[in-house]
Each structure stands twice: as C-alpha cells, then as structure tokens.
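To start, the structure under review is shown below, and the notes come after it.
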Amino acid sequence: MTHDTTGLKDAIKHRRTIYQLTKKSPISDEKIKELLTLAIQDVPSSFNSQTTRIVALFKDEHDKFWDLVAGKLKPIVEGQGGDWSKSEARLKMFKDAYATILFYEDKAVVKGLQEKMAVYADKFPQWSEHTSAMHQYMLWTALETEGLGCNLQHYNPIVDKEAAETWKVPAEWELIAQLVIGQPAEGAREGLAKKEMKPVEERLHIHGA
Ligand SMILES: Cc1cc2nc3c(=O)[nH]c(=O)nc-3n(C[C@H](O)[C@H](O)[C@H](O)COP(=O)(O)O)c2cc1C
C-alpha cells in the first residue's frame, strides 16, 4: 500500500517561527482543542509512558500568563543591570497573541519508571524531554497548517511556581516549554527571512541505499 505524504511534507515546510501574532484565531477554540487532544492521544512517548501534560491558556488566561512572566522577569533583568524596556517589548509581543500552550512533563511518572526499570534510570529524564519535544513539534506543525502562527518560548523555571498556583498544576509536573499561537499579523509569514541552511551533505549521511 502506498501513502500520499504530500500533505505532511507541505506542513513540515510551512512551519516557521512567527513572532508577529494577533489576538485572533483563524480556527475555533474547539478545533484547537481537537488538535490538543490528538497530540495527547496519538503522539508517541518512550515506553508508552505518556508523561506529557498540556495546559492550554486562551484569551484572558493567556494574558495572565504573560503578566506573570513580566512580574517575575522584571526584577531579574533590572537586578542584572539589563534594559527592561527591551524584555518588556518582547513579552508584550507574546501577550499580543491569542493563546499559549504550556507543555509539562509529569515527573512522578518518570520517577516511577526509574524505579521500575532501574537499568534505564539515568535515561528516563532525557526520554521524557524527547517525548515533550515530539508533542511540541506535532502541535507547532499542525496549528500552522490550520492558519495559525506559532513561536516557542522558555520562561520556565522562573514562572513555574506562579503558573502552578494560578492553574492548579500538580507539583510533580515540570514546565518544559511554551508555544505562543495566534493568527499571524498581516504579512508576518510572507516577510520572514529565508533561513540560513547548513549544507545538507554535512548533516545527512546515507549508506546502502
Ligand atoms: C528546541 C527548540 C527551542 C527553541 N527555543 C526558542 C526560544 O526559547 N525562543 C525563541 O524565540 N525561539 C525558540 N526556538 C525557535 C528557533 O529559534 C527556530 O525554530 C529556528 O531559528 C528555526 O527557525 P524556524 O522555526 O522559522 O524554522 C526554539 C526552537 C527549538 C526547536
């Protein structure tokens, strides 16, 4: 049986980092929830451990998250003698988007696996990160296929405690990454610079084909 993979290839090519996002979405919240459910149900995990947890924040809840990040980051930047206005503008750019998807890993499950399969104990935390990355990439690619723009951020761990208190996140869940999503501002995707690419031959080695 052959499979037509053109759709998937197009989706992979279409995915980019888009920073200029708006407070709109080209698709319904229901449709976004469907994709989040698809990720949770069908993205693979090491030993089928299903360690990934997703907390999706829409609209006001999304705004709240970026206010929490600003509250935590300001004293850090100023304490280091940095230019807060630059960081503030960057955070405003994220807040100006529609929603934020928080990716967590359940460390209680990882710990359980380490105890159950001691021979891989040192590897499970790493595989848990890989599992998270698979969910991140799937959603980033799928959401951009639906007309959304996305960018991936890492304001953990500074915001972990406040986020956990605000959205009742269990203490065992560790925040790994934040995917900011929204309808791209006019021309944002079209205006992207072409990516500098390291030679494929240096990065891809095939034998025996
Ligand atoms: C694992 C990973 C971590 C990243 N972390 C950040 C980040 O913290 N902040 C950010 O603005 N972009 C982040 N990015 C986006 C990359 O800079 C971007 O994907 C890369 O420059 C290629 O551009 P493209 O996404 O348009 O293809 C991350 C990407 C990956 C894959």
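Positions are given from 1 along the sequence. Both ligands and their constituent atoms are indexed starting at 1 by order of listing.
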Establish, yes or no, whether a centroid distance under 6.0 Å links the rings of Phe65 and Tyr155.
no

Tell me the closest heavy-atom pair linking Val169 and Ala163, and the distance in Å.
CG2-O, 4.1 Å

With Pro157 via side-chain contact (heavy atoms from CB on, under 4.5 Å) - residues at least two apart:
Asp160

By salt bridge (charged side-chain N to carboxylate O under 4.0 Å, His left out), Lys116 pairs with (sequence neighbours left out) none

Which residues satisfy the salt bridge (charged side-chain N to carboxylate O under 4.0 Å, His left out) test with Glu172, sequence neighbours excluded?
none

Tabulate distances under 3.5 Å between N/O atoms of ligand 1 and N/O atoms of the protein, writing both atom names on each line.
{"unit_1": "ligand 1", "atom_1": "5 (N)", "unit_2": "His154", "atom_2": "ND1", "d": "3.2"}
{"unit_1": "ligand 1", "atom_1": "8 (O)", "unit_2": "His154", "atom_2": "ND1", "d": "2.8"}
{"unit_1": "ligand 1", "atom_1": "9 (N)", "unit_2": "Leu152", "atom_2": "O", "d": "3.0"}
{"unit_1": "ligand 1", "atom_1": "9 (N)", "unit_2": "Gln153", "atom_2": "OE1", "d": "3.2"}
{"unit_1": "ligand 1", "atom_1": "11 (O)", "unit_2": "Tyr19", "atom_2": "OH", "d": "2.6"}
{"unit_1": "ligand 1", "atom_1": "11 (O)", "unit_2": "Arg90", "atom_2": "NH2", "d": "3.1"}
{"unit_1": "ligand 1", "atom_1": "11 (O)", "unit_2": "Gln153", "atom_2": "NE2", "d": "3.0"}
{"unit_1": "ligand 1", "atom_1": "12 (N)", "unit_2": "Leu152", "atom_2": "O", "d": "3.3"}
{"unit_1": "ligand 1", "atom_1": "19 (O)", "unit_2": "Thr17", "atom_2": "OG1", "d": "3.3"}
{"unit_1": "ligand 1", "atom_1": "25 (O)", "unit_2": "Arg15", "atom_2": "NH1", "d": "2.8"}
{"unit_1": "ligand 1", "atom_1": "25 (O)", "unit_2": "Thr17", "atom_2": "N", "d": "3.1"}
{"unit_1": "ligand 1", "atom_1": "25 (O)", "unit_2": "Thr17", "atom_2": "OG1", "d": "2.6"}
{"unit_1": "ligand 1", "atom_1": "26 (O)", "unit_2": "Arg16", "atom_2": "NE", "d": "2.6"}
{"unit_1": "ligand 1", "atom_1": "26 (O)", "unit_2": "Arg16", "atom_2": "NH2", "d": "3.4"}
{"unit_1": "ligand 1", "atom_1": "26 (O)", "unit_2": "Thr17", "atom_2": "N", "d": "2.8"}
{"unit_1": "ligand 1", "atom_1": "27 (O)", "unit_2": "Arg15", "atom_2": "NH2", "d": "2.8"}
{"unit_1": "ligand 1", "atom_1": "27 (O)", "unit_2": "Lys195", "atom_2": "NZ", "d": "2.5"}

As a quick check of understanding, evaluate side chain to side chain donor-acceptor pair (under 3.5 Å) for Gln50 and Ser45, giving each step before the final call.
CA-CA 6 Å; Gln50 298 168 42; Ser45 57; 5.3 Å; no

